[in-house]
Amino acid sequence: MAIPGGVPLLLLPALAVLLAPVLALLFGFFILRPAAPRRTHLPILLSCAVVAACAVLIVSRVYLFGEGFDIPVAHWMVAGAWSVSFGLRVDGLSSVMLAMVAVVGGLIHLWACEYMAHDEGFSRFFLAFHLFFLSMIGLVLSNSYVELYLFWELTGLSSYLLIGHWYHKASARRAAFQAFMTNRIGDLGFFLALLILLRVFGDTRFLTLFRSLKAGAVGDPEAVTLAGWLLFWAACGKSAQFPLYFWLPDAMEGPTPVSALMHAATMVTAGIFLLVRSWPLIGGIPGLPAAIAAVGAFTALFAGVLAGTRRDLKRILAYSTVSHLGIMAFAIGLSQPACAIFHLVTHGFFKAALFLCAGNIAHALGQPSADLDQVGGLRKTMPLTFLCFALAAFSLAGIWPFAGFYSKDAILDAALAAGGWRALCGLLIGAVSAFYIFRMLFLTFFGPSPRQKGPAHFHEPGALGTVPVLFLSLGALSVGWLHNGFSTMLSRSGVPALPELSSRVTLLGSAAALAGVLLAYVLALGLPKWDWEWRERRPRLERWLAQDLGVKPAVAACAAFVRRLAGILGQGWDKNIWDRWFIEGWPPAALGLGELGQELAGGGLNDYLWWMAVAVAALLYGALRL
Amino acid sequence: MSLSALWLLPAAAALLAACCGRQARAVALGAAAATLGMSLMPAWAGLDSLSRLSYAGPAWFYGIRYSVAVDGLSLPLLWLTAFLTLIVILFSWRGRFSSGYWAAFLALEAALMGVFLMRDLFFFYLFWEAALIPMFFIIGLWGSANRRHAAVKFFLFTFAGSVLMLLGFLVIVTQHHLATGVWTWDMELLKSPRPGGALGLASFLALVVGFGVKVPLVPLHTWLPDAHTEAPVGGSVMLAGVMLKMGVYGFLRVAIPFFPELCWRLLPWLGGVAAVGVIYGALCAMAQQDLKRLVAYSSVAHLGFCLLGIFSRTQEGLAGGSLQLLNHGLTTGALFLLVGALYERGHKRGLSDFGGLAGRAPWLTFFFGVSIFASIGLPGLNGFVGEFMSLAGMMVRLPVLALAGVIGVTLAAAYALPAFSAVFLAEPGEGSVSAMISDLSALEALTLAALVLPMLAIGLHPGPLLALLRSGVGGLAL
Amino acid sequence: MTALAMALDAAFTLALLLVFSNVNRWLGPAPRHEGDGQLPYETGMPPIERAEGSMAVAYYRFAVLFVVFDVDLAFLLPWALSRPVFGAAAATAMSVFVGLLLLLLAYLWRKGVLECKR
Amino acid sequence: MSSFLPIEALAPQLALAAGVVAALLAGMLKERPRGLLRAVAVSALLAAALLAGASLPSAHPPLLRLDRIGLCWQELFCLGALPLAVLMEEDEIPVALLFGSVLGMGLLAAAGSFLTLFLGLELMSLPAYLLVSRGRREEEAREAGLKYFFAGSTAGALFLLGMTLYYAASRSLALAPASGPLAQAGLALMGAAALFKIGAVPLHFWLPDAYEAADPEVAGFLSTSMKAAGVLLLMRLAELAPSSALARVLPAFGVMTMLAGAFLALRQQRLQRLLAYSSISHAGFMILGVGAWAAQGATGAGAAAVYYYLIAYLFMSNGAFAFLKTSGLSTRAQLRGYAQREPRLAALLAALLLSLGGVPPTAGFLAKLLILWETVRCGLYGAALAGALAALVSLGYYLALIRDAYFEPAAGQPPPAALRRHSSGERLVLLACAIPSALLGFFPWLAGGLAGVLSGL
């Protein structure tokens with residue numbers, strides 16, 4: 001379904017969406033930051049509003065009139081025939097993502113104004129936060145892989161700056177560097193994929209790439225396969241799939257709005273967006289979707305189980321995000337990219353809501369993040385937060401009227417259709433995610449268990465703190481109902497539509513969810529001792545769980561190995577062996593040779609004459625022989 | 001405007017500065033600014049008319065003749081030299097330096113301009129070597145702790161490489177004479193009948209070693225960390241900013257045009273050494289505790305990218321490699337200026353000697369941050385454009401070397417960011433001097449802004465610069 | 001042929017050298033090393049100091065001066081014999097030669113080389 | 001005058017002889033004005049140089065052979081002796097000895113037959129032995145002078161033996177080519193004498209002692225004019241039989257001398273001894289140049305490289321030794337921190353040392369380049385590599401001297417000799433030597449370029 005090449009007036013809002021944040025950032029950095037740091041958020045909120053308005057305009061026009069375009073805007077790198085250029089591409093997929101980013105991002109920006117009100121790095125935070133917002137928008141609208149890589153790296157940079165916002169905390173610095181490095185390792189795959197695509201196709205624009213793919217004019221099939229796998233590796237790095245997921249839970253060191261926007265709703269979904277965007281490339285590679293499904297399912301289950309055991313509120317949500325990213329990958333693996341994107345949107349809403357609620361709770365305590373021991377029975381002191389949290393929790397668990405149900409059950413339906421281990425995983429995932437979210441719900445908001453301090457001094461946050469949360473949880477409630485409109489939107493950009501939900505699937509899905517809720521109820525409220533005494537009696541299990549079932553030490557070991565290798569090479573070999581012996585060894589050798597020469601001839605005259613005789617003999621011999 | 005004035009003016013100014021004591025600083029500033037102005041002149045006169053500016057003196061002795069010319073490759077390097085010299089003079093404006101300091105920098109600029117201008121092998125070699133003398137005195141007289149050792153090591157190491165290169169030139173000239181009966185040292189005329197067989201290979205290897213020492217290729221690089229750590233601020237900026245480029249310029253101007261098919265046949269070896277350099281440099285940088293040594297080793301890695309691009313002999317590779325030359329000049333120049341500023345204030349260079357500077361010196365942190373991210377190749381800044389095009393070029397030829405390059409890119413973040421966080425973000429440990437570190441002065445901030453702005457400009461819009469570079473090196477593509 | 005001649009010549013000179021330096025040892029009585037055996041004469045007073053002894057350095061100067069002026073004679077003789085043949089040219093040449101020598105003598109005199117200081 | 005007395009042929013030599021006479025006469029005067037002897041010395045040398053440069057005499061007396069090149073050589077010798085003439089102390093004996101030596105060299109250059117060659121050789125060497133033994137440090141000077149005398153006379157004897165063998169082969173004393181083993185042996189022996197004069201390695205042992213013990217300016221004269229005379233002798237011999245054994249073995253001697261000279265110089269702590277070994281290393285380059293010239297058929301114009309090397313070396317070496325005399329320094333330790341005390345003199349020293357080291361844009365660089373070029377032209381790649389290595393090693397100790405002067409802090413009190421005021425003559429000689437050696441590297445072509453620039457402006 002080729003995108004009409006003509007330049008409709010849709011280009012203007014698309015450009016506005018990019019220019020507004022740029023202007024806000026420039027204005028904020030050069031004028032407000034030195035003059036009135038406390039005012040930096042004003043231009044940024046304005047730009048959020050502009051972006052939200054344009055996004056809504058774009059989505060509506062794409063949905064109603066099917067407009068869209070893929071236009072190169074400017075040349076970037078040119079070397080004769082070889083060239084890479086900037087461009088804008090608006091189609092179903094990118095407009096949906098843009099809308100989600102704009103809406104969720106805007107709300108979280110509002111929420112952050114109050115949350116970060118008395119943080120001394122206020123202006124620095126908002127500038128980095130909006131830089132992320134800009135790079136996410138750019139990433140969604142780019143029309144070629146290289147441009148996408150540009151914004152992809154910018155998100156990595158802004159996540160480094162934001163996670164490390166409270167840089168005086170050593171753990172925050174380490175988490176920021178770990179996040180950046182893991183993303184960088186993922187980007188290694190992306191960089192290589194870029195180079196391969198450039199070598200094979202000469203151009204990385206989606207339009208031309210997918211057209212030649214469809215026409216089968218592929219010069220080097222193995223290279224394209226390798227590129228596909230590398231793109232999957234890049235997605236794993238950014239969307240925290242199994243091998244490269246460990247940075248996300250540590251990224252909770254950053255302020256809560258960062259966790260909410262980046263590490264829940266938007267940035268981490270960039271990987272899924274990349275896979276869906278390059279679906280024509282990935283779909284065609286044999287064995288790749290199956291692998292994506294397997295990795296996705298495993299990550300979902302693995303993270304889900306871990307989420308059920310964590311104590312820190314934000315850590316639980318972090319593992320839940322990893323789990324849901326696994327679900328989205330699982331959906332892509334089941335050749336249902338539309339479900340993945342639909343789940344991505346719904347997940348964006350309810351996960352952001354959950355994070356903001358957790359943020360409000362922690363804010364009440366005056367700490368960056370709250371622990372299960374400190375909370376308990378908060379439904380009386382913070383009723384509004386409880387309401388939002390419950391709505392989002394129901395949506396996450398996939399209970400019937402909520403958004404989560406529509407997106408997760410679509411995936412469950414595909415899983416059941418695929419049958420075998422995929423069906424089992426689908427059900428298990430449904431149960432596990434229901435379990436950990438309701439465990440958190442019960443332990444936080446219902447009767448404080450003996451170990452918990454209870455609702456001593458919790459209070460609802462101000463207006464700015466609750467209104468965005470309310471909107472988000474309403475979104476979590478209602479977004480699911482738009483699924484038909486949603487599938488038509490996606491089908492316009494070459495992505496297969498959402499399957500119809502059969503009643504059998506809804507029954508099975510709800511049953512799995514209810515089982516999870518029951519288990520949570522029993523363990524959390526029924527046996528309050530489970531979470532504390534039972535696990536304390538098993539310290540080894542506790543430590544094993546704390547180390548992510550052995551993943552964290554493995555990662556630490558790899559990092560240590562690379563540092564030791566660097567040490568051996570940099571200090572040991574280069575400085576002490578190669579430089580000292582092979583390079584700086586020559587002068588002493590020459591001096592030694594000079595010394596040797598010195599001994600040969602003492603001061604005595606007869607030595608001289610002897611040597612003269614030797615020389616004359618040599619000359620004579622030469623003369624007579626030659 | 002004759003091209004010879006480009007190197008004669010700084011040379012004359014150097015003599016003048018050496019004689020007059022106190023005004024030496026003013027003479028230096030004037031001369032540097034004038035040279036920069038003159039070097040920008042050809043650009044306004046239209047890039048296609050560059051060849052008109054060339055000049056060749058009478059051929060006197062055995063075909064040696066004084067001939068200067070400028071093309072797409074030399075012009076940007078001339079700009080870089082003039083620009084960095086002006087920056088260095090401005091940056092050390094407040095330091096109480098003797099007239100010799102300013103004279104040395106002007107002499108250095110004269111020699112470097114000469115290298116990029118000369119089209120006669122004899123004069124090319126003459127200016128190539130003459131550049132060593134001022135740098136020797138700069139490192140030796142105004143360096144830090146064991147500057148003496150570093151200065152002598154730098155001079156001898158580079159001189160050894162260059163003497164080998166001279167022998168290579170002599171063989172080429174003599175073989176040319178044998179083949180055509182004509183004595184000439186002109187770079188254009190010497191290209192046609194090339195010495196073949198074992199002699200050709202020997203002279204090519206001599207050239208590779210001669211230029212390799214300057215680039216530096218990995219086994220021949222150990223003079224670099226010592227020279228950089230001991231050189232004063234201005235010295236290390238000029239050393240990293242321009243003198244390392246002489247090596248790659250030598251490859252582009254002499255080694256490849258003279259032995260194109262040998263260069264092609266030995267691509268796996270040459271590319272291999274460059275790729276090893278990239279990874280080796282990055283790993284070594286990770287192990288350093290001294291800021292300047294870290295930046296020095298990172299230069300080894302960055303110039304490895306230049307060579308990867310150039311040896312690939314593809315349009316994008318050549319353009320990317322030569323663009324990376326300029327990028328490296330800007331980013332490493334800025335980094336060395338900042339490390340120099342830290343050293344001037346705190347007289348320490350260790351990573352653990354600082355801490356918590358972000359709060360104390362925001363502008364210093366901002367410039368350091370931008371330079372660090374530019375040097376690790378963040379897209380949107382200049383580092384990425386050079387590296388991406390070089391690796392794209394090499395991927396077309398030898399994918400395994402491109403893989404090594406990409407690993408190098410990843411490792412770059414592994415050594416740059418911990419250093420940044422240790423110096424600027426971490427809490428100051430005991431024995432740290434961050435209490436004495438004051439923020440950049442207006443002048444220093446201005447000079448650094450003059451370095452950081454082009455980084456962003458090249459990062460987003462490298463078009464015109466790439467076109468200029470391609471007009472110079474495009475011919476080498478295969 | 002000439003190589004053979006040279007070899008013979010070298011051998012002959014070496015042989016001569018060996019013979020002269022060792023003939024007394026071969027033919028003469030074995031030297032008695034003990035006691036007076038080393039004295040030059042069996043009778044008479046034992047020598048006060050070694051025979052060579054050292055002469056005052058001044059004597060060397062006179063020796064050298066004698067040599068310089070004596071050698072002139074070697075040149076004067078052929079000049080004298082050939083005077084009728086070359087006439088004026090020879091006359092001027094020799095007068096310059098002798099003049100130089102006289103100048104040298106005057107210089108030495110002035111410098112006090114000729115006094116015999118103790 | 002009849003052709004019997006070749007006045008115009010030996011005009012330069014006669015000027016020098018007159019110089020000797022004038023020196024002795026001046027010596028006899030009781031109260032003579034202060035600069036008289038120095039004036040006599042300089043004027044006589046300049047007169048000899050001018051006469052040599054004046055015109056090519058028509059007459060060809062039997063024992064002489066005068067050609068343009070020969071006269072240039074004589075000019076070179078006089079030029080080499082000038083610094084010594086200016087720097088010498090006010091005493092008529094050394095002035096006379098100097099004239100005697102330069103006269104001998106002139107004879108060597110104008111020699112048409114072996115007789116005059118030998119006469120020139122001995123006349124050149126004898127005064128040199130005396131000049132060396134008149135060094136300030138009595139004890140060392142006499143010992144070195146004696147050693148130089150013994151070694152020199154042995155070399156003279158060798159030359160004589162070689163001459164006889166050559167005469168046996170060629171039946172005539174004229175400098176004519178001859179063949180056969182006798183001639184080869186004769187040439188070899190005479191070559192050994194020449195190599196001794198230049199200071200080639202196995203025959204070099206007298207040189208460091210002589211150069212160190214002699215006064216610096218005398219050592220300068222020895223290292224320039226005497227060495228040039230040795231090279232001239234070697235070239236005359238190589239001319240006789242370009243493909244002879246001597247010619248073919250010269251590059252080997254050259255390489256050995258270069259490398260040994262350079263490596264031995266590394267250890268030296270006394271400056272004059274270090275410069276002595278460095279002059280051996282430079283002699284190696286000259287021998288290599290002559291070897292390469294001979295390998296290419298010893299044509300007249302081919303020796304441009306050797307000539308340029310000699311001229312460049314004349315300025316450099318005289319300059320270096322003149323610096324030692326002016327500064328009064330004797331060991332490297334005393335050199336420390338010299339640049340702080342005497343910035344201008346230190347700058348001249350640096351220029352001279354860089355030129356000796358062969359770093360562009362100095363004359364030494366162009367000299368070494370031309371020699372290496374000739375070596376590469378005649379295919380001696382190994383020798384060229386050795387030359388490069390020798391240049392590198394030699395740069396090692398030249399840089400060490402610059403490092404001592406510039407980078408090291410001054411250690412302790414400067415020696416008493418260094419404290420006296422420098423006379424204008426000394427400063428003039430230093431400048432006259434340092435400027436050409438610093439700029440001759442690229443000046444020949446730069447002139448063309450400069451002209452272009454001026455026209456282009």
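The structure displayed is predicted, hence computed values, not measured ones. Below, read A as the first sequence line, B as the second, and so on, with proteins coming before strands; counting in each chain starts at 1.
- Taking CG of B/Leu166 as the reference point, atom NZ of D/Lys368 lies at 12.0 Å (rounded to 0.5 Å).
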Chi angles and distances behind the side chain to side chain contact (heavy atoms under 4.5 Å, CB included) call for D/Val359, B/Leu132: CA-CA 9 Å; D/Val359 174; B/Leu132 294 185; 5.8 Å; no
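- Contacts between B/Val173 and chain D at a heavy-atom distance below 4.5 Å involve the side chain alone, from C-beta outward.
- No more than 12 heavy-atom neighbours from other residues, nucleotides or ligands sit within 6.0 angstrom of CZ on D/Arg344.
- Between B/Phe137 and D/Ala350, the shortest heavy-atom contact is CZ-CB, 4.4 Å.
- Contacts between residues 382-404 of chain D and chain B, counted as heavy-atom pairs separated by less than 4.5 Å, involve D/Ala384, D/Leu385, D/Ala388, D/Ala391, D/Leu392, D/Leu395, D/Gly396, D/Leu399, D/Ile402, D/Arg403.
- Residues B/Leu126 and D/Leu366 are not in side-chain contact: their nearest non-hydrogen atoms beyond the backbone lie 4.5 Å or more apart.
- Put simply, of B/Phe169, B/Tyr125, B/Phe136, the one with the most heavy-atom pairs under 4.5 Å next to chain D is B/Phe136.
- At a 4.5 Å heavy-atom cutoff, the contact between B/Ala151 and chain D is made by side-chain atoms alone.
- Scanning all heavy atoms of the two residues, the minimum distance from B/Ile133 to D/Pro361 falls at CD1-CD, 4.2 Å.
- Heavy atoms of B/Leu199 lying under 4.5 Å from chain D belong exclusively to its side chain.
- In terms of heavy-atom proximity, B/Phe159 sits nearest to D/Gly357 at CZ-O, 4.3 Å.
- Residue contact with chain B, scored on non-hydrogen atoms closer than 4.5 Å, involves the backbone and the side chain of D/Tyr406 alike.
- Here B/Leu141 is the residue among B/Val163, B/Leu141, B/Val171 with the most heavy-atom pairs under 4.5 Å with chain D.
- Atom CZ of D/Arg377 and atom CG of B/Leu170 lie 11.5 Å apart (nearest 0.5 Å).
- In this structure, D/Phe407 CZ and B/Arg147 CZ are separated by 8.5 Å, a value rounded to the nearest 0.5 Å.
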